[in-house]
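Atoms considered below: every heavy atom in the structure, side chains included; atoms not considered: hydrogens, waters and symmetry mates.
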Amino acid sequence: SPWDRAHPLSKWTFHVANEMLMVGEKRPLQFDDLIEIPEVDRAKNVFKNLKDFYIRSRSFWFIPRLMVALNRMVFHEMLQSVIYTIIEGVIRIALPLLLVFLLDALQNADSYKAYRWAGLIAALGVLQAIVHHILFFVTMRIGWNWRTSCTGLIYDALFKLEGADMHSVQNGKMVNMISNDVTRIEEFAV
């Protein structure tokens with residue numbers, strides 16, 4: 001897919017979607033116009049990964065086995081989101097501190113320092129917005145993959161049930177597990 005072949009900067013700026021967006025500007029998009037899903041995000045792959053990690057995982061301390069498997073499945077993305085969260089936190093702490101220096105420069109009528117602090121505050125504000133949107137995309141993608149793979153695990157378990165056991169599974173309970181419980185897992189990532 002174009003996403004798999006794209007440079008990280010193209011992914012972070014979503015430049016990889018520009019061709020599709022230009023087609024959508026000219027006419028309504030058809031299914032064939034959409035970008036292919038990246039190979040790592042395809043349902044068969046995330047389901048297989050979670051199933052493999054679930055088989056090999058054990059509960060850790062108070063963390064359930066499924067949560068351990070989910071975190072191992074997206075370890076690199078989670079590490080990436082931790083780094084982006086730290087960067088965003090540092091910027092959020094630095095902005096009010098820099099504002100103190102800007103106010104001090106304005107109070108002392110030092111226009112050179114005031115412009116310098118104002119420029120730095122503006123640059124950090126732009127950087128914070130960029131980091132925030134990358135962080136949001138990464139965590140949303142983690143949540144989508146968790147939801148897809150957990151839904152696959154539920155269906156896999158249901159398909160393995162024998163005829164007598166199938167009567168004990170209520171349709172409402174199955175729908176509730178997929179629609180409510182798995183959605184909570186998706187929301188947890190964000």
Side-chain angles (χ1 to χ4, degrees), residues 1-21 24 29 34-97 121-157 175-190:
S1 77
W3 184 268
D4 293 324
R5 294 185 302 270
H7 187 271
L9 188 60
S10 294
K11 292 177 185 179
W12 293 337
T13 60
F14 303 105
H15 178 72
V16 72
N18 279 357
E19 186 178 324
M20 177 188 67
L21 295 173
L29 290 173
L34 300 176
I35 297 176
E36 287 181 48
I37 296 174
E39 193 64 33
V40 296
D41 292 336
R42 294 180 190 250
K44 66 179 179 179
N45 294 335
V46 294
F47 165 68
K48 181 185 171 297
N49 287 343
L50 179 60
K51 189 174 181 181
D52 292 345
F53 280 118
Y54 186 75
I55 290 168
R56 291 183 284 154
S57 293
R58 301 284 174 252
S59 60
F60 176 74
W61 198 27
F62 65 90
I63 304 171
R65 181 179 175 188
L66 178 62
M67 231 23 238
V68 171
L70 287 169
N71 283 312
R72 288 180 65 197
M73 181 181 96
V74 293
F75 177 76
H76 296 291
E77 291 86 356
M78 291 292 278
L79 189 61
Q80 193 179 16
S81 68
V82 166
I83 291 168
Y84 288 135
T85 302
I86 291 169
I87 292 170
E88 185 179 18
V90 167
I91 292 171
R92 284 184 173 200
I93 291 170
L95 283 173
L97 296 175
I121 289 171
L124 282 178
V126 169
L127 182 64
Q128 192 265 334
I130 291 169
V131 169
H132 176 77
H133 284 88
I134 294 170
L135 172 64
F136 183 76
F137 178 72
V138 169
T139 55
M140 282 300 296
R141 206 167 139 209
I142 290 170
W144 295 329
N145 287 341
W146 281 356
R147 180 180 184 158
T148 303
S149 56
C150 286
T151 303
L153 276 183
I154 292 170
Y155 279 121
D156 189 52
V175 169
N176 184 45
M177 280 175 41
I178 292 172
S179 65
N180 292 338
D181 297 346
V182 175
T183 301
R184 300 236 191 293
I185 291 173
E186 177 187 11
E187 292 170 354
F188 174 76
V190 178

**Report entry** Val68 and Arg58, any side-chain heavy atoms less than 4.5 Å apart
**Finding:** no
Requested in this report: Sort and list the pairs that fulfil salt bridge (Lys or Arg N to Asp or Glu O under 4.0 Å) and have at least one residue in residues 84-95, not counting sequence neighbours.
Outcome: Glu88-Arg92
Report task. Please test Phe14 against Phe137 for ring pair (Phe, Tyr, Trp, His ring centres under 6.0 Å), starting from the C-alpha separation and ending with a verdict. Result -> CA-CA 10 Å; Phe14 303 105; Phe137 178 72; 5.0 Å; yes
Query raised in the report: Side chains of Leu50 and Val46: does their closest heavy-atom pair fall under 4.5 Å?
Result: no
**Report entry** Pairs meeting criterion salt bridge (Lys or Arg N to Asp or Glu O under 4.0 Å) with involvement of residues 134-156, two or more places apart
**Finding:** Asp41-Arg141, Lys51-Asp156, Arg147-Glu186, Asp156-Lys160
Query raised in the report: Under the side-chain contact (heavy atoms from CB on, under 4.5 Å) test, which residues partner His133, sequence neighbours left out?
Result: none
Report summary line: Contacts of Trp144 meeting ring pair (Phe, Tyr, Trp, His ring centres under 6.0 Å) (sequence neighbours excluded), chain-then-number -> none
**Report entry** ring pair (Phe, Tyr, Trp, His ring centres under 6.0 Å) partners of Phe60, counting only residues at least two apart
**Finding:** none
Query raised in the report: What residues, two or more places apart in sequence or in another chain, satisfy side-chain hydrogen bond (donor to acceptor under 3.5 Å, both in side chains) together with Glu39?
Result: Arg42, Asn45
Query raised in the report: Do the side chains of Trp146 and Met73 get nearer than 4.5 Å, heavy atoms only?
Result: yes
Report task. Would you list the pairs meeting side chain to side chain donor-acceptor pair (under 3.5 Å) in which at least one residue belongs to residues 69-83, sequence neighbours left out? Result -> Ser57-Arg72
Query raised in the report: In chain order, what residues pass the side-chain contact (heavy atoms from CB on, under 4.5 Å) check against Val16, with sequence neighbours excluded?
Result: Pro2, Trp3, Ala6
**Report entry** Qualifying residues under side-chain contact (heavy atoms from CB on, under 4.5 Å), relative to Thr13, sequence neighbours excluded
**Finding:** Leu9, His15
**Report entry** All side-chain contact (heavy atoms from CB on, under 4.5 Å) counterparts of Ile130, not counting sequence neighbours
**Finding:** Val126, Ile134
Query raised in the report: Does any non-hydrogen side-chain atom of Leu66 lie less than 4.5 Å from one of Tyr54?
Result: yes
Query raised in the report: Do Leu135 and Val138 have side chains that get closer than 4.5 Å, going by heavy atoms?
Result: no
Requested in this report: Mark yes when over 12 heavy atoms from residues, nucleotides or ligands other than Ile37 sit less than 6.0 Å from its CD1; otherwise mark no.
Outcome: no
Query - Arg56 with Asp52: basic N within carboxylate O range, under 4.0 Å - result: no
